[in-house]
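See below for the structure under consideration.
The structure displayed is predicted, hence computed values, not measured ones.
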Amino acid sequence: MRNSIVLCLLALIGLLLFTACDEKTYDLDDQAQDSITALHVDHSFFKDEQGRYFFLHGTNVSGSTKFPATDDPISYVGKPFPLEEADKNFKILRDMGFNGLRLLTTWEAVEPYASGEYDLDYLDYFEQIVAKANEYGIYVFIDMHQDFFSRWHCLYYNDGSGKPGIAPASIDSTQPPLNDIVRGDGAPRWVLDLTLPEKNVYSDQWGLPRHMVADPRNTGDLLPLFWGINTFLSTDVGRSFATFFAGADVYPNYYVDGKNIQDYLQDSYANAWLQIVQRVKDYPNVIGYDIINEPLGLYISFTLYALLYREAKADPAGTLTQQQVEDCVDLALAEPLRRGLPLNIVNEWREILLNDAALPRTPAEFEEAGLPLDAADNDPHKPDILAALALNANFNRNYLQPFFAKVGAAIQQEDPEAIVIVESSLGMSDEEGLFGALITPMLAPAGINQLAFAPHFYTDVYSVLGLAPNPDPRDFTIDEIQLRDYTVGILDAISLSAFSLGNPPVILGEFGTYFNLGGVEKAEATDYIVPAYIIDNYYDVLEENLVHRTIWTYSPENTPDYGDGWNKEDFSILGPNMQPRATDAYVRVTPRFTSGRLVSYKYNSPLGYYEPKPGVPTPIKEFTMTMEGLETSAPTEVTVPASKYPDGFYVYVSDGRCTYDPVRQILYWYPSDDDPNVQHTMRIRPPWADYGDSEWNYFFNGEQMLEGNR
């Protein structure tokens, strides 16, 4: 009874505030400012300080943050966009209806040249970007991004376009021009100097194909393949990840400044994180910290090298036969095959490893690969072979989980209210085990008091798994893509939250598709209709299951030739000349805050399939929402992008009152029925012909408001 009285009083206060608004004494600017408060985790939900449920509808910003603004000196100031262009970009993002961002940074951006030496100009810049997002009422969660560990894992190649070369000046001028590059992002070069100690990472030949370099230690081992496949098949990449996550086991004798290499690198990484946290922790729009993007969890090539090393050590001559090499390749691929990697992919990778990879066969080749056969047992760079072989068994539980606990604890010591956001590794499922048994998935990291889970899911994107650095884009007809159902894939991607993490809130941190499907010219000529349908298919599932999400990606640097600027990926919802693309798919009416628990919502995009009904309008751009109970007097907020309703929109609510902020494009709803068993409903529709549907409560068109039935 006491709670009921309190809710009645709070509802009355809300109505008085609304009345004040009608009398022009209540400022919507004040309401917008009051709406941005710190979020916290409550069971499986995000809630604000006013007791409302927060729902995240956002995008990644941005793909172009994967590489620096300048190389000499290395600086990421201006990524994702220059500060002087921040207002323009945040207005675009707000007008698209996004209420949050997954804001990218990288280890190299914070600590480019040496452990403990931080780029203060970049940290100043990054804080100002977070502050600017706060001004626009946009939440952020910060992601320390990486893809195959570092941009210094790279390979120059010829893309066949005839463009001038870009490779180092040391290249033989008689060779074909190497005019493009496949590369990673994340860790700075000084880290590779530690994870690949026999390599000359500072060589002016670094990144050249191995056949163009006399000493293989002057370049890396990447193959001219799609970057994602190099993640699994590059030993250099595998060694870097293994040293970072499992160095205490794999390199037990390797110490730097009195610390095992694993602790040295992880402490440096955590301290880089703390530079970010110290700058942004007091901004209320900071949701939390995504510890690391897509860490590697499947060590095919590193395992293979360990197997080859073991075979060579057992042979007095230290030289392997072709059959021994093939047997080791098959053994290295047996575990991923058992865990579900399709046989055709296993066979494709087998051919790549046997025909293209420079697998060591002689003592000299093992030494060049950093695995000298005559190394002493206490040699700091000699790997523990059994530990290397064990990396593919329970990696997430054994290595990723304690890493999250360590870095998360450091962050929460600096920011006790921080939400620590974790991902599963890039590899095989944690939930399969061996025939359903011996399942050892990652658990919630110990000591983390606020946790969220942010997995990724992509489908209908890549045509092949890596026979070229940039494979030709897939091509679809509208009929084959329009009605695809991504439910199984998305639910599988998010399932670890309930399976073993304690059911924290889930954000689908990345999803999306290429915008050059069928080729750039065809995609543009068809107004990106195929990518639009693919993205709409994602949102159908995300809405039905109430999943928080940040689409990949928003890149102001997108161009027709280079896409988002990194490995020619072209995922950006913002196209060339900063023109939004396929907006019917992702510019949607969405809940932002709800004063009761969100039960369901649905936005009928123009891309949906609707059965015709005689005498009833097709419900395109109609929005419906149901929430249960009333836990606070603070308003429910629904983002209603003006671009969806150029002629205004009607609002129907089960109870209470509404007002609309046309600048921020937010509909405020003050429900009045405080019965905890009541379900409150809202419906929004464009001004189609009446069809007897005239019992609306409000009509809004810009600053115009009409009241109907109440």
Just by distance, with hydrogens left out, do [X] and [Y] show a side-chain donor and acceptor under 3.5 Å apart?
X      : Y      : value
Asp479 : Thr477 : no
His680 : Asp673 : no
Glu707 : Asn697 : no
Ser555 : Ser64  : no
Glu510 : Tyr458 : yes
Tyr283 : Glu127 : yes
Tyr53  : Glu631 : yes

Exercise. Check Trp688, Trp696, Tyr660 against Phe649 for a ring-ring contact (aromatic ring centres under 6.0 Å, His included) and give me the one that passes.
Key: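 It is Tyr660, the one option of Trp688, Trp696, Tyr660 that forms the ring-ring contact (aromatic ring centres under 6.0 Å, His included) with Phe649.
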Exercise. Could you point out which residue of Trp552, Tyr533, Tyr586, Tyr486 forms a ring-ring contact (aromatic ring centres under 6.0 Å, His included) with Tyr538?
Key: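 Option passing the ring-ring contact (aromatic ring centres under 6.0 Å, His included) with Tyr538: Tyr486.
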Quiz prompt | Listed partners of Tyr136 passing side-chain hydrogen bond (donor to acceptor under 3.5 Å, both in side chains), at least two apart | solution =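 For Tyr136, the residues satisfying side-chain hydrogen bond (donor to acceptor under 3.5 Å, both in side chains) (neighbours in sequence not counted) are Asp87.
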Self-check item: Any residue meeting side-chain hydrogen bond (donor to acceptor under 3.5 Å, both in side chains) with Asp290, in chain and number order, not counting sequence neighbours
Solution: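 Here the qualifying residues are Arg102.
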Practice problem: Show the numbers, then the answer: is there a ring pair (Phe, Tyr, Trp, His ring centres under 6.0 Å) between Phe55 and Phe46? | Solution: CA-CA 7 Å; Phe55 188 80; Phe46 294 118; 9.8 Å; no
Surrounding [atom1] of [X] (heavy atoms of other residues, nucleotides or ligands, distance under 6.0 Å), is the total greater than 12?
X      : atom1 : value
Glu84  : CD    : yes
Glu544 : CD    : no
Glu85  : CD    : yes
Gln50  : CD    : yes
Asn577 : CG    : no

Measure from the side-chain N and O atoms of [X] to the backbone N and O of [Y], and report whether any donor-acceptor pair falls under 3.5 Å.
X      : Y      : answer
Asp27  : Asp29  : yes
His57  : Asn99  : no
Thr553 : Asn60  : yes
Thr636 : Thr594 : no
Asp48  : Arg52  : yes
Lys621 : Lys644 : yes
Asn545 : Val541 : yes
Thr37  : Glu49  : yes

[X]: which residues meet the salt bridge (charged side-chain N to carboxylate O under 4.0 Å, His left out) condition with it, sequence neighbours left out?
X      : answer
Arg484 : Asp460, Glu480
Glu135 : Lys132
Glu294 : none
Arg581 : Asp570

Practice problem: Using side-chain hydrogen bond (donor to acceptor under 3.5 Å, both in side chains) as the criterion, point out the one residue from Thr583, Asp536, Thr639 that pairs with Arg588. | Solution: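 In the set Thr583, Asp536, Thr639, the residue that makes a side-chain hydrogen bond (donor to acceptor under 3.5 Å, both in side chains) with Arg588 is Asp536.
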Quiz item: So how far is it from Asp34 CG to Leu28 CG, rounded to the nearest 0.5 Å?
Solution: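 Rounded to the nearest 0.5 Å, the CG-CG separation comes to 11.5 Å.
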Please give me the minimum heavy-atom distance between [X] and [Y], naming the atom from each residue.
X      : Y      : answer
Phe593 : Pro635 : CB-O, 4.5 Å
Val587 : Met96  : CG1-O, 3.4 Å
Ile411 : Ala418 : CG2-CB, 3.9 Å
Thr550 : Phe141 : CG2-CE2, 3.8 Å
Asp584 : Ser605 : O-CB, 3.7 Å

Quiz prompt | Residue from Ile292, Val420, Ile421, Leu451 passing side-chain contact (heavy atoms from CB on, under 4.5 Å) with Phe404 | solution =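 The side-chain contact (heavy atoms from CB on, under 4.5 Å) with Phe404 is passed solely by Ile292 among Ile292, Val420, Ile421, Leu451.
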Quiz prompt | Passing candidate, side-chain contact (heavy atoms from CB on, under 4.5 Å) with Tyr289, options Asp415, Asp143, Val407 | solution =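 That would be Asp415; it is the only one of Asp415, Asp143, Val407 passing the side-chain contact (heavy atoms from CB on, under 4.5 Å) with Tyr289.
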Self-check item: Ring-face cation contact, Tyr652 with Arg683, 6.0 Å cut, 45° max
Solution: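 Ring-cation test returns yes.
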Quiz item: Does the pair Phe90 and Phe81 meet the rule for a ring pair (Phe, Tyr, Trp, His ring centres under 6.0 Å), with working shown?
Solution: CA-CA 10 Å; Phe90 280 118; Phe81 35 71; 5.6 Å; yes
Quiz item: Should Arg597 and Glu628 count as an ion pair when the cut-off is N to O under 4.0 Å?
Solution: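 Answer for the salt bridge query: yes.
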Self-check item: From CA spacing to verdict: side-chain contact (heavy atoms from CB on, under 4.5 Å), Ile684, Leu667
Solution: CA-CA 10 Å; Ile684 295 172; Leu667 178 66; 3.8 Å; yes
Quiz item: So, for Tyr650 and Phe699, is the gap between ring centers shorter than 6.0 Å?
Solution: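 Tyr650 vs Phe699: aromatic centres under 6.0 Å.
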